[in-house]
Protein chains: 2
Amino acid sequence: MAEESTATAPPELTVDVAGLTALLDGTYADVRRTVRELLPSYAGVLEDAETMSRDAFRERVKDVVLEIAGTGAAGMGFPKEYGGGGDIGASIAAFETLAYGDLSVLVKVGVQFGLFGGAILQLGTQRHHDAYLADVVSGRLLGCFAMTETGHGSNVQALGTVATYDAATAEFVVTTTSPEAGKDYIGNAAKHARVAVVFAQLEVGGEGHGVHALVVPLRDEDGALLPGVRIEDDGPKMGLNGVDNGRIWFDGVRVPREALLNRFADVTEDGTYVSEIESAGRRFFTMLGTLVQGRVSVGAAGVSASKAALTIAVRYGLQRRQFETGTEDGTEEGAEQLLLDYGLHQRRLFPRLARTYALHFAQEVLAGELHDVFSGVRDDEETRRLLESRAAGTKALATWHATDTVQECREACGGAGYLAVNRFAALKADTDVFTTFEGDNHVLLQLVGKGLLTDYASDFSDLDQLGMVRFVAGLAVDTVLERTRVHRLFEQIRDALPGGKDDWHADSGLRDPSYHLAMYRFREEHLIGGVARRLKRGVDAGMNPGEVFSRVQDHVIAAARAHVERLVLEAFVEKVASVPEDDGGLRLTLNLLCDLHALSGIEADRAWFIEHGRLTAQRSKAITREVGELCRRVRPLARELVDAFAVPEALLRAQALIGGEA
Amino acid sequence: MAEESTATAPPELTVDVAGLTALLDGTYADVRRTVRELLPSYAGVLEDAETMSRDAFRERVKDVVLEIAGTGAAGMGFPKEYGGGGDIGASIAAFETLAYGDLSVLVKVGVQFGLFGGAILQLGTQRHHDAYLADVVSGRLLGCFAMTETGHGSNVQALGTVATYDAATAEFVVTTTSPEAGKDYIGNAAKHARVAVVFAQLEVGGEGHGVHALVVPLRDEDGALLPGVRIEDDGPKMGLNGVDNGRIWFDGVRVPREALLNRFADVTEDGTYVSEIESAGRRFFTMLGTLVQGRVSVGAAGVSASKAALTIAVRYGLQRRQFETGTEDGTEEGAEQLLLDYGLHQRRLFPRLARTYALHFAQEVLAGELHDVFSGVRDDEETRRLLESRAAGTKALATWHATDTVQECREACGGAGYLAVNRFAALKADTDVFTTFEGDNHVLLQLVGKGLLTDYASDFSDLDQLGMVRFVAGLAVDTVLERTRVHRLFEQIRDALPGGKDDWHADSGLRDPSYHLAMYRFREEHLIGGVARRLKRGVDAGMNPGEVFSRVQDHVIAAARAHVERLVLEAFVEKVASVPEDDGGLRLTLNLLCDLHALSGIEADRAWFIEHGRLTAQRSKAITREVGELCRRVRPLARELVDAFAVPEALLRAQALIGGEA
């Protein structure tokens, strides 16, 4: 527990809301403005979600998605020749801003334009682009992305749908081989998709070539199912009930040879399998890698949902009074204190607010890298792998953050937070699955961990968990560490990090970003080294790799998480450093938030830092005190800091109730 | 991160499910069995919640509540002469078991029989009992409990509804004095209540006497609102949409003098206020104290919801396979490992499972005390205050646990967890407000903290936060500590607690319950002492009490939480000790769960223990290893440990999907 600080009051900060919004909006301020202006026109969907039947709401959401497609806001990432905007960065910015509105609309946009359209764009070739993209972008052709199966959520390489080449007719025959191999949770499948991109094990001439994607028609123009296709509704869900998720089974469905999305592999008419990528695993991961935009988008949506939740909760905390405050002479006795004046309330909201800023800037860096890679500005295999790792990790952190923040904000608004009109009901229910779709967060962090341990070497891209265990166990621990770029990156800072009991006064330098970074980097490197050591020791002791992995799994994930936390902090620190010192109070304000983010992150994991000799008990307590102090400094800026997110007022349904006018 | 243990394998445990269920069911096994047999008859409500319109669902839930009333399962706590069962402990056991089913039904039962009926029983006298109770118990008269106001959630003493006595007509005039003084979130108000128990500031002859409760009719026999009563629907909520919450405004509504629930205070016909309790604050808290059953019930429901969630998640983890496992010789290669075999998955579910057991037994102790106090077995003022404190604290911990456990279980079931058919959607949405209603959890823990600091002395029962700050600041710190029973209780163990670096081998005695208890007790005492010191220092430094409280608030809450955690652990340890050693594997099994609960609790707060010199870094790591080891020991028992909760199969809708038959 913190003790009272005796520090003198810091200079008062003021926040230029418009300036801060401009900084947050960045390169794509125009795109964001356009979408913000679009959102109020369908703000009513938020209420429709509560009042309409599920069927009616699905139609309503579809109509809104088509409206949005009509404005061009959904197709910004597609080539201009097909009616798109030709700018991937813009498409992420638009999606992120759309996430202030109803999330069924957002996810249906994601399914149609990101997953379905994205797969055709990335995995297909000219013939597919010409055949489909213009209709995808305009919304004339609605489709779905049929990857996940009931029996195989995260392990896509093992899925059970099969596409067998029939050379006699030059067709693929698509079949669901078992009930568990039915496609599941497929958005747009239950109602609206006429076409699916189907992921299936490709079999040519009796030989399996791993998972590939094909375009398979599902319904005719009137929406009737085509022969051999069976579809079942996934039924009501916790949230996102405007999206028609369903299950699909294929019974010998025939599609022409050209239906194969053949950018990375093809089958010739006579039944010869050809691919420039020799390793099946590497080919698979290369294909998946082109779909990375989905993860970047979901992470962005998680940050936006957090912004909306914090906006509502902070405003509520500034209007609601609770219990009485007072001075010794009794003059204020009887007046109740604002909720946000309570230390605990600040502690609940402000570190999450600071982290939302941090994740915003981390998303900005990520979206920039995505844009550069997919626009060809900088595209090589190593850059792609780093991008995929960053996308996976940032998605995990951003979506967990959303789950946590929406929950805390709901509770911080008490009973009012429970009423649907105050938005938390939908925010909670709709975002809840973000931690699962586009890759379960734990599985994604395992992926990040694997990348760290194998240094993203493409030779190891097709290693599964057991392969990774064997690989790492086969190296000397030092070799593992030396292989990692983490090691090369941190070598120079390792000695610079203060640590033991004597080096530091307990509270000196607590707000120094180089101290924060050194702590985050130390943790990352130490955890990676520890994982390598444990994997090795487990195998050396004769345990089977599955058992070793099971035992070390939480450590792998902790290492991955530490890695991504470091990336997030670096993004924030670099952003702050890029703001001119004389730019009003902007830099000081961001600095304050960055300190709060960094220190509350260290505080949350302070047991680890103490256990590993990087914090004394005394300094740990000093950090807790400092976090409390930083929260008090954020307090007078809180309203401006959420206003800068610029969530359109029309979407803050809460206002009426929060204002107490009900 | 844990290292691999080199311990030899412990003896294999087997669990007698029926025996464990009998142990959990305890004294009221018959009542629980009756309710378990009743639940399947309306299991369909779980699906109705998704498919029916809100209006239709409200009617459906009302009908089910009336059916339950017809079986006698809802009125067990009322005197037999009014058709009740005359057994408060039985009523808690019934309510706890009903919580396995639809939670709108449960909460509507709670509103009608617990809040509304309970207020008439506890705050009223013979005339009210005779007039209402038989109709309440049978469900012929539905009512509501109108305490909370839009502007005053947690600060009931400050509410704005006024009841003025008019001696000329011997009536009270009930008036909502401002828009913010409208009653809000009132269950049963929007549709079904014909009568309300209304909490209002009593004014007699121009003098205010604080908050009292009156019976105020709202609607006539046909459901039409009576003159002066305005009611508005609270609208859709995150969950519990089968309960008709609403807002109520009163405009000069007149009720006879006899409408005052006059057990603790009355107004004579000529307008004289009389009460045996002189202090207004003490009177208020005495009245509130009689309503403690509501908090006990909500905590119980939180534990039941956690049991249902864990049952589904553990079964899912035992059916779902993910990625491949294998042995070095390749024989098992290609088989996928069960989710529950992953160390991380165990880490996510088993400490929560152990804690659910702990909270179950803590609830059992609490319900026993409630029964004894309200049955007159042991009823004095000190016992009541301890009961109220324990109820408030246990409610907070149990409901937070439910929020956390349902969330983690949902995520552990991935996409399947998001489908409504698998129950998490409703479990999450319906239980979410448990942390808020019957008292916001943070406010409840503040109450507990106040009790600790003032040693529950009745003289201080009407102290508000500022009063408490001033009171504590006025004492020497030693005096505060000496005043507390914590001090008296722990004096003897303080020296027995091992602590510093030299006393312990890092992993000796980790499974010794006296070690666990000593740690929990040390934390509690240390935190209380620290709060007292900080309050004193803040006031001494000239800060106003409001500011002092704001800064120390998180510390007060931490102290209260530590106190309740200690009570929970003691309940578990005592239960284990009460099981005969030769009773099959039952005692060993409970012992394992108790160790896991205790150690994962220390692990979660290990930073604090290290900071305060009670854990070395080395021993802290040993605890983390031990928690992993205990999880591995729980693994083979997991199915039996959730089966022992005996959630009726008909309520586990999830089964179909989880079995992969979909």
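All values reported here derive from a predicted model rather than from experimental measurement.
Heavy atoms of B:Thr403 lying under 4.5 Å from chain A belong exclusively to its side chain. With a threshold of 4.5 angstrom between heavy atoms, B:Phe437 does not approach chain A through any atom at all. With a 4.5 angstrom heavy-atom cutoff, A:Asp341 touches chain B only via backbone atoms. In this structure, the portion of A:Gln407 lying under 4.5 Å from any heavy atom of chain B is its side chain and not its backbone. Only the side chain of B:Ile557 comes within less than 4.5 Å of a heavy atom in chain A; its backbone stays farther off. Only the side chain of B:Phe549 comes within contact range of chain A, with at least one heavy atom under 4.5 Å from a heavy atom of that chain.
Taking 4.5 Å as the limit, every side-chain heavy atom of A:Glu50 sits out of range of all side-chain heavy atoms of B:Arg54. Side-chain atoms of A:Tyr418 and B:Asn245, non-hydrogen and from C-beta on, never get closer than 4.5 Å to each other.
Here the closest heavy-atom approach between residue B:Glu149 and residue A:Arg320 is recorded as O-NH2, 4.4 Å. Scanning all heavy atoms of the two residues, the minimum distance from B:Trp400 to A:Glu411 falls at NE1-OE1, 3.2 Å. The shortest non-hydrogen separation linking A:Gly343 to B:Ser550 is N-OG, 2.9 Å. Considering all non-hydrogen atoms of both residues, B:Thr436 and A:Gly415 come closest at CG2-N, 3.4 Å. For the residue pair B:His345 and A:Gln553, the shortest heavy atom distance occurs at N-OE1, 4.4 Å. For A:Arg606 against B:Trp608, the heavy-atom pair with the smallest separation is NH2-N, 4.0 Å.
B:Leu344 contributes atom CG, which lies 14.5 Å from atom CZ of A:Arg551 (distance to the nearest 0.5 angstrom). Considering NE2 of B:His442 and OH of A:Tyr342, their distance stands at 13.5 Å, rounded to 0.5 Å. Separating the CG atom in A:Asp554 from the CZ atom in B:Arg347 is a distance of 6.0 Å, to the nearest 0.5 Å.
Electrostatic pairing of A:Arg410 and B:Asp432 counts as a salt bridge here, judged by a charged N lying under 4.0 Å from a carboxylate O.
With chain A as the partner, the residue from B:Ala429, B:Ala426, B:Gly239 showing the most heavy-atom pairs under 4.5 Å is B:Gly239. Between chain B and the residues A:Thr51, A:Asn441, A:Leu240, the largest count of heavy-atom pairs under 4.5 Å involves A:Leu240. Ranked by heavy-atom pairs shorter than 4.5 Å toward chain A, the options B:Pro236, B:Ala617, B:Gly182 are led by B:Pro236.
For B:Glu47, the CD atom counts as loosely surrounded, since its 6.0 Å shell holds 12 or fewer non-hydrogen atoms of other residues, nucleotides or ligands.
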